[in-house]
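What follows is one structure encoded as structure tokens, with my remarks underneath.
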Amino acid sequence: LQVSNIRNLANLEDFWKMLLFDQIVCNVDRHRGNVLYSLVEHKFYAIDCSNVFNSQRGWTEQSLLDSVNEKHYANLELLLPTANGEIYDYFWNNTKTTPDQILDIALQVQKVLTPNVICAIIKSIPDEWKEWLGQAKSVAMEQYLNYRIRHIIETTTLIIQERGME
């Protein structure tokens, strides 16, 4: 994805969905190589979340449960340039989305990612990852993701404040 292409994206508003998805799953590996650009459709596609759902992330059953207890949804480390901030800045500097529109997107995400949907996603994790995941970590991951989704409005409000968009 080239910076010059961002202004012409047909799905520029999907940036916020990508950012909120990354925030929910705590994806610290979003960079230009993980955002594809279609020259035909003039759309971007967020790819490669393998760093989230494999052992590189370092999640354990206990760390997932601790994150729920530590108000982890308020952690905005993903916005830092050392995490995803560089690619996010390309989009932020080219979008005109208002805080109310961003909060509406967060509500849509929350309505789509219900506990039943999260359960189905966890159950559909590829077999080659299930050995690493295990039952206890699977349950903890489901609780963690549902926790993050329950707090997506608070997280979005914090992002809006952090970006000075109030």
Side-chain angles (χ1 to χ4, degrees), residues 1 11 13-38 43-92 102-163:
L1 178 66
N11 65 335
E13 72 283 351
D14 286 347
F15 157 67
W16 294 102
K17 293 175 186 173
M18 176 181 69
L19 182 143
L20 293 175
F21 173 79
D22 287 345
Q23 192 69 32
I24 289 167
V25 300
C26 206
N27 181 14
V28 296
D29 190 36
R30 180 71 61 213
H31 51 78
R32 286 177 36 180
N34 288 345
V35 179
L36 297 181
Y37 175 67
S38 167
K43 291 183 177 183
F44 80 91
Y45 297 92
I47 63 164
D48 190 4
C49 294
S50 63
N51 193 36
V52 173
F53 295 112
N54 68 26
S55 58
Q56 292 176 20
R57 184 70 184 127
W59 279 349
T60 64
E61 174 188 5
Q62 192 58 51
S63 69
L64 288 164
L65 296 175
D66 288 348
S67 292
V68 170
N69 295 326
E70 295 170 1
K71 197 177 173 183
H72 193 256
Y73 72 86
N75 184 335
L76 300 181
E77 71 179 79
L78 301 177
L79 306 180
L80 297 173
T82 55
N84 303 339
E86 183 180 355
I87 188 71
Y88 292 163
D89 281 345
Y90 294 139
F91 285 91
W92 268 313
I102 299 165
L103 287 166
D104 284 344
I105 293 167
L107 280 171
Q108 292 169 18
V109 168
Q110 195 173 51
K111 286 178 184 176
V112 170
L113 294 178
T114 64
N116 288 338
V117 169
I118 296 302
C119 180
I121 290 169
I122 297 294
K123 286 182 179 178
S124 71
I125 290 176
D127 289 338
E128 55 268 16
W129 292 354
K130 287 184 179 170
E131 182 178 320
W132 164 80
L133 187 61
Q135 182 61 32
K137 198 183 301 180
S138 175
V139 169
M141 185 180 290
E142 186 173 339
Q143 290 174 354
Y144 174 80
L145 293 173
N146 282 320
Y147 159 82
R148 302 277 293 190
I149 293 163
R150 275 194 313 275
H151 292 282
I152 197 66
I153 302 304
E154 293 99 320
T155 303
T156 303
T157 301
L158 291 170
I159 292 168
I160 290 167
Q161 291 169 352
E162 176 69 22
R163 292 297 298 180

Side chain proximity check, Y90 to R32, heavy atoms < 4.5 angstrom: yes
Where do P115 and N146 come nearest, in terms of heavy atoms and distance? CA-OD1, 3.4 Å
Under the side chain to side chain contact (heavy atoms under 4.5 Å, CB included) criterion, do I160 and L103 qualify, and how do the steps go? CA-CA 9 Å; I160 290 167; L103 287 166; 4.0 Å; yes
Quick one, F44 and D14 - any side-chain contact, counting heavy atoms below 4.5 Å? yes
L65 vs T60, side chain to side chain contact (heavy atoms under 4.5 Å, CB included): CA-CA, chis, key distance, verdict: CA-CA 9 Å; L65 296 175; T60 64; over 6 Å; no
Can you check whether M18 reaches V35 side chain to side chain, under 4.5 Å on heavy atoms? yes
Are E61 and S138 packed together at the side-chain level, in the sense that at least one heavy-atom pair is separated by less than 4.5 angstrom? no
Got a sec, which residues hit side-chain hydrogen bond (donor to acceptor under 3.5 Å, both in side chains) with R163, two or more places apart in sequence or on another chain? D89
So do the side chains of I152 and L113 get within less than 4.5 Å of each other, counting heavy atoms only? no
Does any part of the side chain of R148, heavy atoms only, come nearer than 4.5 Å to the side chain of Q23, both counted from C-beta? yes
Counting distance only, does the side-chain N/O of D22 pair as donor-acceptor with the main-chain N or O of V28 below 3.5 Å? no
Do the rings of W92 and F15 sit parallel, tilted or perpendicular, given the 30° and 60° boundaries? perpendicular
Dump the intermediate steps for side chain to side chain contact (heavy atoms under 4.5 Å, CB included) on L158 and E162, then the final yes or no. CA-CA 6 Å; L158 291 170; E162 176 69 22; over 6 Å; no
Considering residues at least two apart in sequence or located in another chain, which fulfil the side-chain hydrogen bond (donor to acceptor under 3.5 Å, both in side chains) criterion with D66? Q62
With a 3.5 Å distance limit and no angle check, can you tell me whether S67 reaches the backbone of H72 through a side-chain donor-acceptor pair? no
Which residue in the set I87, D48, L78 passes side-chain contact (heavy atoms from CB on, under 4.5 Å) when paired with R30? I87
